[in-house]
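Order of the sequence lines fixes the chain letters, A, B, ..., with proteins taken first and strands second; residue numbering starts at 1 for each chain. Just so it is clear, the values below take in all heavy atoms, side chains as well, and ignore hydrogens, waters and symmetry mates.
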Protein chains: 2
Amino acid sequence: MASIKDVAAEAGVSVATVSRVLNDHPSVSADARARVLAAVEALGYRPNAVARSLRTDQTRTLGLVISDVMNPYFTELARSVEEEARALGYSVIIGNADERPDLQDHHVRTLLDRRIDGLLVSPTDGGSPLMLDAARAGTPMVFVDRWIPGVDVPVVRADGRAAVQDLVAHLHRLGHRRLAIIAGPAATTTGSERVEAFREALGACGIDLPDVYIGQGDFQAESGRRVTEGFLDLPEPPEVVFAADNLMALGALDAVRARGLRVPDDIALAAFDDIPWFVHTDPPITAIAQPTGELGRAAVRALVDRIEGRAPRSVTLPARLVVRRSCGEDGHDGENSARNRSQS
Amino acid sequence: MASIKDVAAEAGVSVATVSRVLNDHPSVSADARARVLAAVEALGYRPNAVARSLRTDQTRTLGLVISDVMNPYFTELARSVEEEARALGYSVIIGNADERPDLQDHHVRTLLDRRIDGLLVSPTDGGSPLMLDAARAGTPMVFVDRWIPGVDVPVVRADGRAAVQDLVAHLHRLGHRRLAIIAGPAATTTGSERVEAFREALGACGIDLPDVYIGQGDFQAESGRRVTEGFLDLPEPPEVVFAADNLMALGALDAVRARGLRVPDDIALAAFDDIPWFVHTDPPITAIAQPTGELGRAAVRALVDRIEGRAPRSVTLPARLVVRRSCGEDGHDGENSARNRSQS
DNA sequence: TACGGCGTTGTAATCGATTCCACGAGGAGG
DNA sequence: CCTCCTCGTGGAATCGATTACAACGCCGTA
């Protein structure tokens with residue numbers, strides 16, 4: 001592969017001049033510029049980003065470490081992150097932690113070794129020393145979706161509090177009183193926050209959240225299934241199951257269906273994180289939708305601000321409730337209402 | 001960030017010795033090794049991968065350019081690719097082309113600039129000159145899922161021919177005779193092959209595939225919706241719609257539902273590419289499942305073989321039919337059969 | 001005692017860029 | 001006509017690693 005030296009030789013100038021043309025530095029004669037450009041064209045030369053990074057000490061690359069690529073929420077997040085980064089002239093390297101702290105550390109380490117300019121993280125656990133050290137050492141970093149308390153790193157996330165209140169109000173209006181939640185890992189902020197929001201919202205309606213109605217999941221489908229089975233085995237099973245993410249909702253749906261029960265007639269179901277597929281499940285699932293794309297874009301902007309020496313800001317965007325049929329009828333939704341109601 | 005020089009100074013040896021310890025070269029005294037290791041520990045030193053890559057001319061990184069991250073099929077592919085690559089000591093940088101040739105080229109160019117060791121591509125179009133040049137120039141490359149004919153690059157893919165025959169036989173047995181397909185872009189191999197396989201399979205049953213029953217999609221949900229609407233507007237609409245990927249199937253489902261029609265009673269639906277959500281749609285969707293994980297792993301192995309100087313092999317794995325309820329009842333599937341049959 | 005070989009170590013070149021500094025040519029002003 | 005400044009250019013240092021080569025000390029053997 002042709003190097004800058006080859007181009008210099010071909011154009012009959014020094015490498016310094018070639019470099020100047022490539023970085024359009026002002027003081028290059030029109031003649032030299034033309035000759036260099038012609039040589040670049042003739043050789044199909046492309047600058048070696050590795051060498052450039054070594055010299056300039058910047059890679060124009062962002063690292064994104066997410067908890068689970070197979071989760072459509074994170075996929076969408078990754079997509080919007082890459083888009084915004086590209087618009088700002090950066091590339092993105094994605095690391096998938098699969099909800100495993102060791103894998104998360106592996107990716108953080110690899111990204112740091114590659115000298116990425118900044119790190120976007122949705123932490124899998126409460127605090128990998130590696131990440132904390134990196135943050136302290138001055139690596140530009142922004143948390144997205146989940147974060148680690150007590151670390152001086154900007155956070156870009158959605159606030160689901162209001163939406164959870166709307167959800168609980170909706171459920172209460174439908175007559176549900178025994179509500180259970182499939183929680184995420186307590187080590188993650190989204191894991192614990194969603195339970196707290198749920199408990200508070202229930203409290204506002206005068207409803208209690210007993211411990212047996214809090215199932216411990218891990219944001220994966222299988223745990224949703226397991227926890228839901230536990231709920232269904234209870235002497236007094238809940239009337240509603242609220243899954244703290246979409247994958248666990250999928251698992252819950254599996255479990256319910258395996259018992260030969262129906263949603264929402266036998267048990268209602270709702271989820272945090274809305275995804276396109278929820279429109280088409282049987283029944284369509286009521287969910288709390290995050291402004292995922294905005295979150296990704298805001299996170300990149302914050303990180304790039306930090307990298308380029310501007311003051312990054314934390315951002316909190318509201319989530320909103322999207323009512324569908326998985327909790328029962330609420331007086332809206334035309335076509336199938338009559339049929340569903342007559343069955344219940 | 002500490003460099004190899006700092007470590008050398010701290011340990012009281014030369015950088016050469018430090019490098020030798022780090023790459024565990026045999027001729028280093030136990031004493032020197034211990035001192036270096038201690039210095040590394042004390043300084044929290046990590047080798048700069050950029051500098052190392054410049055010198056050794058290898059990045060131990062694979063590029064993966066896929067057509068659409070939001071498509072669960074490609075997400076799963078990406079995941080398995082990363083896993084296998086990690087097991088072999090490589091990292092992966094994913095580029096999402098979003099089915100756009102210009103974006104695909106952007107990513108290929110960026111990856112090449114970064115001097116990745118090899119490229120895994122699922123091409124969006126029939127032949128980006130950039131990619132062809134790179135292949136000719138000797139960049140290790142492997143096509144996965146889709147490929148470009150006439151290029152000397154190993155291909156790792158699934159053969160859906162038999163599964164499509166099974167599908168058509170299944171549909172025929174259910175009494176369907178007017179079958180339509182939502183095709184992918186003709187520029188992609190999967191786009192054209194699936195139509196051909198479908199046409200052949202129909203032919204074997206003595207059924208014709210008229211042009212009006214071939215809708216042109218682009219592997220995105222929206223096109224599935226549009227094409228399906230066209231089918232439904234036909235004087236004689238098809239009894240079955242077969243979508244060449246899962247996203248277009250989602251769009252088709254949208255379109256059918258928007259008309260107030262029901263699957264499978266009013267129209268049957270099947271898709272290429274099975275995904276976890278198909279179990280939970282209303283109704284569960286009959287699909288052709290690819291061995292996605294195996295495909296990803298085989299592709300990485302082929303690419304790494306090529307990189308490390310072994311002869312890479314093309315791999316073709318069979319896809320298989322997964323029958324669910326979206327095409328009507330086939331004598332299996334317990335719980336809801338009676339109810340569904342009574343409605344038709 | 002001298003010499004050959006082995007094990008260990010350091011010096012320095014190198015990868016492909018960027019960029020500081022110096023130098024020469026040419027124009028403006030005194 | 002000489003001086004000074006600007007503009008365009010090239011030489012060379014540099015980033016952080018790897019590695020060829022040379023050198024050194026030490027041991028065993030002739």
Side-chain angles (χ1 to χ4, degrees), chain A residues 1-40 43-61 89 91 109-117 137, chain B residues 1-37 39-40 43-61 89 109-117 137:
Chain A
M1 185 147 282
S3 83
I4 195 170
K5 269 188 213 149
D6 304 315
V7 177
E10 171 87 11
V13 297
S14 72
V15 294
T17 300
V18 176
S19 176
R20 277 189 277 258
V21 171
L22 264 30
N23 297 285
D24 42 36
H25 188 85
S27 76
V28 183
S29 68
D31 175 58
R33 159 164 289 117
R35 292 220 307 287
V36 168
L37 260 20
V40 165
L43 298 174
Y45 169 75
R46 293 248 83 212
N48 183 328
V50 175
R52 191 200 293 257
S53 294
L54 176 60
R55 183 58 235 248
T56 60
D57 199 37
Q58 52 161 322
T59 49
R60 294 207 70 85
T61 301
S91 299
R109 201 184 324 270
T110 314
L111 291 167
L112 256 22
D113 284 356
R114 277 160 192 277
R115 301 302 193 263
I116 44 133
D117 293 340
Chain B
M1 186 147 283
S3 83
I4 196 171
K5 270 188 212 151
D6 304 317
V7 176
E10 171 86 10
V13 297
S14 73
V15 293
T17 301
V18 176
S19 176
R20 280 189 273 257
V21 171
L22 264 28
N23 297 286
D24 41 37
H25 189 87
S27 75
V28 182
S29 69
D31 176 57
R33 160 164 288 118
R35 291 221 308 287
V36 168
L37 260 18
V40 165
L43 299 174
Y45 168 76
R46 294 248 83 211
N48 183 328
V50 174
R52 190 200 294 253
S53 294
L54 176 61
R55 183 61 236 250
T56 60
D57 198 37
Q58 54 161 320
T59 49
R60 295 207 71 86
T61 301
R109 202 185 323 271
T110 314
L111 290 167
L112 256 22
D113 285 355
R114 277 161 193 275
R115 302 301 193 262
I116 44 133
D117 293 340

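A side-chain donor-acceptor contact under 3.5 Å links Asp117(A) to the backbone of Arg60(A). Of the possible donor and acceptor atoms, none in the side chain of Arg20(A) sits under 3.5 Å from a partner among the backbone N and O of Val28(A).
Of the candidate nucleotides dG16(D), dT18(D), dA17(C), dA17(C) has the atom lying nearest to any side-chain atom of Ser3(A). Ranking dT9(D), dG16(D), dG16(C) by closeness to the Ser27(A) side chain, first place goes to dT9(D). Here dT18(C) is the nucleotide among dT9(D), dT18(C), dG10(C) with the atom lying nearest to any side-chain atom of Asn23(A).
Here Ser19(B) lies in heavy-atom contact (under 4.0 Å) with a base. Counting any heavy atom pair closer than 4.0 Å across all strands shown, Val28(B) reaches sugar-phosphate atoms only and no base atom. When heavy atoms are screened at a 4.0 angstrom cut-off, Val13(A) is found touching the sugar-phosphate backbone but no base atom.
In this structure, Arg55(B) atom CZ and dG16(C) atom C1' are separated by 12 Å, rounded to whole Å. If you measure from atom CZ of Arg60(A) to atom P of dT18(C), you get 13 Å, rounded to the nearest angstrom. Rounding to whole angstrom units, CD of residue Gln58(A) and C1' of dT19(C) are separated by 14 Å. Atom CZ in Arg52(B) sits about 21 Å away from atom P in dA17(C), given to the nearest Å. Rounded to an integer number of Å, the gap from CG of Leu54(B) to P of dG16(D) is 12 Å. For Asp31(B) and dG25(D), the CG to P distance is 17 Å, given to the nearest whole Å. Remark: C1' of dG8(D) and CZ of Arg35(A) are 12 Å apart, rounded to the nearest angstrom. Protein atom NE2 of His25(B) is 11 Å distant from nucleotide atom P of dT9(C), rounded to whole Å.
Closest-nucleotide positions on DNA chain C for Ala51(A) and Pro26(B) were compared, and the one nearer the 5' end corresponds to Pro26(B). Comparing Val15(A) and Ala16(B) along DNA chain D, the residue whose closest nucleotide (by nearest heavy atom) sits nearer the 5' end is Val15(A).
Residues Asp31(B) and Arg35(B) are paired through a salt bridge, judged by an N-O separation under 4.0 Å between the basic side chain and the carboxylate.
For Arg20(B) against dG10(C), a side-chain N or O and a base N or O form a donor-acceptor pair under 3.5 Å.
In this structure the side chain of Ile4(A) reaches within 4.5 angstrom of the side chain of Ser19(A), judged on heavy atoms. Under the 4.5 Å side-chain criterion, counting only non-hydrogen atoms from C-beta, Val13(A) is in contact with Val18(A). In this structure, Arg46(A) and Leu112(B) have side chains that are not in contact, with every pair of non-hydrogen atoms separated by 4.5 Å or more.
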Using the side-chain hydrogen bond (donor to acceptor under 3.5 Å, both in side chains) rule, take Arg114(A) and Thr59(B) through it: C-alpha gap first, then chi angles, then the decisive distance, then the call.
CA-CA 10 Å; Arg114(A) 277 160 192 277; Thr59(B) 49; over 6 Å; no

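Of the residues in residues 43-50 of chain B, those lying under 4.0 Å from DNA chain D by heavy-atom distance are Tyr45(B), Pro47(B), Asn48(B).
Distances shown here put a side-chain N or O of Thr17(B) below 4.0 Å from the OP1 or OP2 atom of dG10(C). Listed pair Lys5(B) / dC15(D) meets the phosphate criterion, a side-chain N or O lying under 4.0 Å from OP1 or OP2. Ser29(B) has no side-chain polar atom (N or O) that falls below the 4.0 Å cut-off from OP1 or OP2 of dG7(C).
The number of heavy atoms from other shown groups lying within 6.0 Å of CG (Asn23(A)) is above 12.
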